[in-house]
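Keep in mind it's a predicted model, so treat the numbers as computed, not measured. Each ligand, and each atom within it, is numbered from 1 in the order the structure gives. Quick note: residue numbers are just sequence positions, from 1.
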Amino acid sequence: MDPAKPDILALSREDRANLLMGMGWEPYRVRQLEGWLWKHGVRNFADMRTLPAALRTQLHERFFLPGLTCTYSQQSVDGTSKFKFLMHDGLPVESVLIPSKEADRYTLCVSSQSGCSLSCAFCATGTMGLLRNLMASEIFDQYLYANRFCDQQHGQRIGNIVYMGMGEPLLNYKNVLGSIDLLTSPTGASLSPKRITVSTAGIAKMIERLADDGIRVNLALSLHAADDEKRSRLMPINESNRLSSLLGALKYFYQNTGNRISYEYIAFQGFNDSEQDARQLVRLCSHFPVRVNIIEYNPVAGMSFVKSDEDRINAFAHEVRKHGIMITVRRSRGKDIDAACGQLAARPDR
Ligand code: SF4
């Protein structure tokens with residue numbers, strides 16, 4: 001494949017259609033091509049069997065058709081699977097397939113960037129720096145690969161998508177929206193937007209933009225601390241996006257979309273897991289309907305945070321719950337394969 005040619009997956013549907021028809025092909029050939037690209041996920045023109053050989057040759061000569069190569073996969077004892085992919089330029093990206101407790105539903109955690117620029121103090125991905133934004137098709141292709149795997153291994157399709165892998169989705173806004181379009185479109189994966197959650201470290205103006213653009217997916221804020229001082233120590237992005245501006249943006253998002261909002265909260269022993277921390281969190285839950293997910297921390301080598309013990313997590317959750325707030329404690333999945341929250345770092349040996 002030759003990356004000097006235009007990437008056919010980066011064109012809009014309209015541009016692909018106009019190009020094919022400009023080459024003299026009928027509209028039904030356009031539909032066939034779209035089916036091969038997004039329904040069947042074929043990443044080689046030669047394998048698009050229903051297209052005439054002349055069209056396959058023309059496409060091959062004119063366009064670049066990039067794909068992801070899965071170079072490493074690992075299965076956890078708890079049923080979680082992690083995939084490492086290389087993109088056409090050799091940069092890494094990772095996805096994690098997570099079964100529900102009953103293994104009757106699978107959630108795929110996708111990455112939107114290779115690496116991440118936000119340097120959260122507890123996160124392995126942040127140590128990589130940002131390598132580059134993913135194209136919409138590269139986000140979608142993580143789904144295609146994992147969905148095939150899920151079907152073959154578990155006889156099921158992926159039910160939910162969360163943008164919680166490598167990267168900050170709202171810093172790759174256009175391509176994340178493009179990938180949501182592919183995931184929800186009848187010509188793509190036909191998933192309901194209600195099954196998709198975009199998780200952000202918190203960029204107020206981009207949250208407002210999601211609302212203005214009428215995006216119908218759920219939104220999760222990686223909160224992790226309920227006061228600015230502690231949050232800034234965990235997440236440098238908080239310096240420019242204080243809690244008051246994030247609350248304002250989330251309220252705006254809720255008022256304009258009615259979409260579900262959740263707070264993700266990793267519990268760190270002795271840092272953000274006291275009763276007082278819980279009461280501060282309760283105050284942040286009074287502005288719009290929100291559910292809280294407490295996440296068990298997975299220690300990352302070289303980082304000083306310690307995971308809260310079970311008693312402290314339970315006491316914290318009890319304090320929040322008694323104010324009528326919906327709160328779930330999520331035991332971490334895939335810890336033994338570094339697939340848990342904050343652990344994706346595309347180690348070069350894997
Ligand atoms: S937690 Fe998310 S936003 Fe923060 S460094 Fe890691 S990947 Fe980036």
Margin query: Test your reading of the model: is there a side-chain donor-acceptor pair from E168 to the backbone of A201, 3.5 Å cut-off?
Written below: yes
Next item on the list: Mind checking salt bridge (charged side-chain N to carboxylate O under 4.0 Å, His left out) for R56 and listing every partner two or more places apart, or none if nothing turns up?
Entry: none
Next item on the list: For ligand 1, note which part of C120 has a heavy atom under 4.0 Å away: side chain, backbone, both or neither.
Entry: both
Margin query: Once you restrict to heavy atoms under 4.0 Å, what part of S119 touches ligand 1? Side chain, backbone, both or neither.
Written below: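 Only the backbone of S119 comes within reach of ligand 1.
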Check: N/O/S of C123 less than 2.8 Å from atom 4 (Fe) of ligand 1?
Finding: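 False for C123.
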Would you list the atom pairs, donor with acceptor, under 3.5 Å between side chains in residues 203-215 and any protein atom, with sequence neighbours excluded?
{"unit_1": "D212", "atom_1": "OD1", "unit_2": "Y252", "atom_2": "OH", "d": "2.5"}
{"unit_1": "D213", "atom_1": "OD2", "unit_2": "Y173", "atom_2": "OH", "d": "2.7"}

Next item on the list: Would you mind running through ligand 1 and noting each atom that sits below 4.0 Å from a heavy atom of G126?
Entry: 5 (S)
Next item on the list: Specify whether H224 and F268 have parallel, tilted or perpendicular ring planes, treating 30° as the upper limit for parallel and 60° as the lower limit for perpendicular.
Entry: perpendicular
